[in-house]
Participant: 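This structure is in structure tokens; I'll ask about it shortly.
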Amino acid sequence: MRKNIAAGNWKMNTDLSFGQDFVKKINDFELPSDVTVIIGVPFLSIAGLVPVSGKISIAAQNCHQEESGAYTGEISASMLKSVDCKYVILGHSERRQYFSETDELILAKMHKVMEHGMKVIYCCGEPLHVREKEEQAVFVENQLKDSICKLTKEQMENVIIAYEPIWAIGTGKTASPDQAQSMHKHIRGILLNTFGENTAAETSILYGGSVKPANAKEIFSKADVDGGLVGGASLKPDSFLDIIQSF
Ligand code: 13P
């Protein structure tokens with residue numbers, strides 16, 4: 001059965017000492033055993049947090065698609081693997097928007113991450129003007145067709161999908177539970193058509209976009225929503241704990 005997942009994405013916030021205090025606070029609590037807890041932290045904090053992260057798995061927020069070489073300022077999948085990073089968030093809308101990442105590039109990154117035995121949290125989601133025209137289903141379908149649909153069934157065992165409508169990220173405006181459910185069902189249908197029943201049933205699909213303690217329970221209660229990828233509300237231990245306990 002697919003997993004319930006509460007994942008945080010700290011983006012370009014926090015330093016190592018914040019991270020150390022945070023994971024200590026979370027680990028002091030008895031976490032529900034049926035929820036996988038992940039936090040995407042800045043690159044610089046990964047090596048320092050993995051040894052103390054306890055029940056939390058540490059994710060990177062990006063990585064380069066090449067194995068190594070003259071790519072000044074970049075971080076490779078093998079570097080992440082060497083510090084025991086378990087997950088890499090790829091295709092976040094902020095990377096697509098500010099760093100011009102395409103689905104083709106994201107696919108190359110996914111291959112590289114999985115070659116090194118790590119799992120991928122693949123993000124998709126439509127901008128506001130697409131939602132206003134009610135073309136979100138086709139938009140997200142095209143994102144998937146150009147990326148995860150080109151993976152193998154075996155590779156899909158290492159992929160978590162996060163549906164993050166761009167208009168709901170950091171805006172305080174959440175997709176309604178029904179809007180989330182409808183897109184998640186659509187995504188699961190694409191998985192069914194592309195990979196078959198098993199992959200469709202086993203792939204966790206997370207919702208992201210202004211998830212907070214006040215709305216997590218209702219969103220997570222939807223049949224095809226398996227948890228959340230949480231930005232702002234994952235920066236406070238208390239609110240992230242509430243979200244972890246919202247299943
Ligand atoms: P917020 O929860 O701050 O809206 O961010 C969502 C997000 O982008 C997670 O990756």
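Atoms within a ligand are numbered from 1 in the order they appear, just like the ligands themselves. The basis for the numbers below is simple: all heavy atoms, side chains too, and nothing from hydrogens, waters or symmetry mates. A quick note: this is a predicted structure, and the numbers were derived from the prediction, not measured.
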Participant: Would Gly231 count as being in polar contact with ligand 1, using the rule that some N or O on each side must be under 3.5 angstrom apart?
Facilitator: yes

Participant: Tell me which protein heavy atom sits closest to atom 3 (O) of ligand 1, plus the residue, atom name and distance to 0.1 Å.
Facilitator: Gly232 N, 2.8 Å

Participant: Which class fits the ring pair Tyr163 and His184: parallel under 30°, tilted 30 to 60°, perpendicular over 60°?
Facilitator: perpendicular

Participant: Taking C-beta and beyond as the side chain, do Thr174 and Ile219 meet within less than 4.5 Å on heavy atoms?
Facilitator: yes

Participant: May I ask you to decide whether Arg96 forms a salt bridge with Glu101, counting only side-chain N to carboxylate O separations under 4.0 Å?
Facilitator: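 No salt bridge links Arg96 with Glu101.
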
Participant: Provide, to 0.1 Å, the distance between atom 4 (O) of ligand 1 and the closest protein heavy atom, together with that atom's residue and name.
Facilitator: Gly170 N, 2.6 Å

Participant: Ignoring hydrogens and geometry beyond distance, is a side-chain donor-acceptor pair present between Glu67 and His116 at under 3.5 Å?
Facilitator: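 Glu67 vs His116: donor-acceptor pair found between side chains.
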
Participant: Assign the ring pair Trp10 / Phe18 to parallel, tilted or perpendicular, where the plane angle (0 to 90°) is split at 30° and 60°.
Facilitator: perpendicular

Participant: Side chain, backbone, both or neither: which part of Leu229 has a heavy atom under 4.0 Å from ligand 1?
Facilitator: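 The part of Leu229 near ligand 1 is both the backbone and the side chain.
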
Participant: Would you mind listing which atoms of ligand 1 come within a distance below 4.0 Å of any non-hydrogen atom of Ser210?
Facilitator: 1 (P), 2 (O), 4 (O)

Participant: Between ligand 1 and Lys11, can you find any atom pair, the residue atom being a heavy atom, that is separated by under 4.0 Å?
Facilitator: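 Heavy atoms of Lys11 do come under 4.0 Å of ligand 1.
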
Participant: State, yes or no, whether a side-chain contact exists between Met118 and Lys81 at a heavy-atom distance under 4.5 Å.
Facilitator: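 A side-chain contact exists here, since the closest heavy-atom pair is under 4.5 Å.
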
Participant: Relative to the heavy atoms of Gly209, which atoms of ligand 1 are at a distance of less than 4.0 Å?
Facilitator: 4 (O), 6 (C)

Participant: Which donor-acceptor pairs under 3.5 Å do the side chains of residues 24-49 make with protein atoms, sequence neighbours left out?
Facilitator:
{"from": "Asn27", "atom 1": "OD1", "to": "Lys55", "atom 2": "N", "distance (Å)": "2.8"}
{"from": "Asn27", "atom 1": "ND2", "to": "Val23", "atom 2": "O", "distance (Å)": "2.9"}
{"from": "Asn27", "atom 1": "ND2", "to": "Ser53", "atom 2": "O", "distance (Å)": "2.9"}

Participant: Indicate whether the side chain of His92 and that of Glu164 have a donor and an acceptor atom separated by less than 3.5 Å.
Facilitator: yes

Participant: Determine whether any heavy atom of Gly208 lies closer than 4.0 Å to an atom of ligand 1.
Facilitator: no

Participant: I'd like to check which ligand 1 atoms, numbered from 1 as shown, lie under 4.0 Å from a non-hydrogen atom of Glu164.
Facilitator: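 Under 4.0 Å from Glu164, ligand 1 has these atoms: 6 (C), 7 (C), 8 (O), 9 (C), 10 (O).
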
Participant: Please confirm whether Ala233 comes under 4.0 Å of ligand 1, counting heavy atoms of the residue only.
Facilitator: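 No heavy atom of Ala233 comes that close to ligand 1.
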
Participant: Enumerate the atoms of ligand 1 whose separation from the nearest heavy atom of Ala168 is less than 4.0 angstrom.
Facilitator: 4 (O)

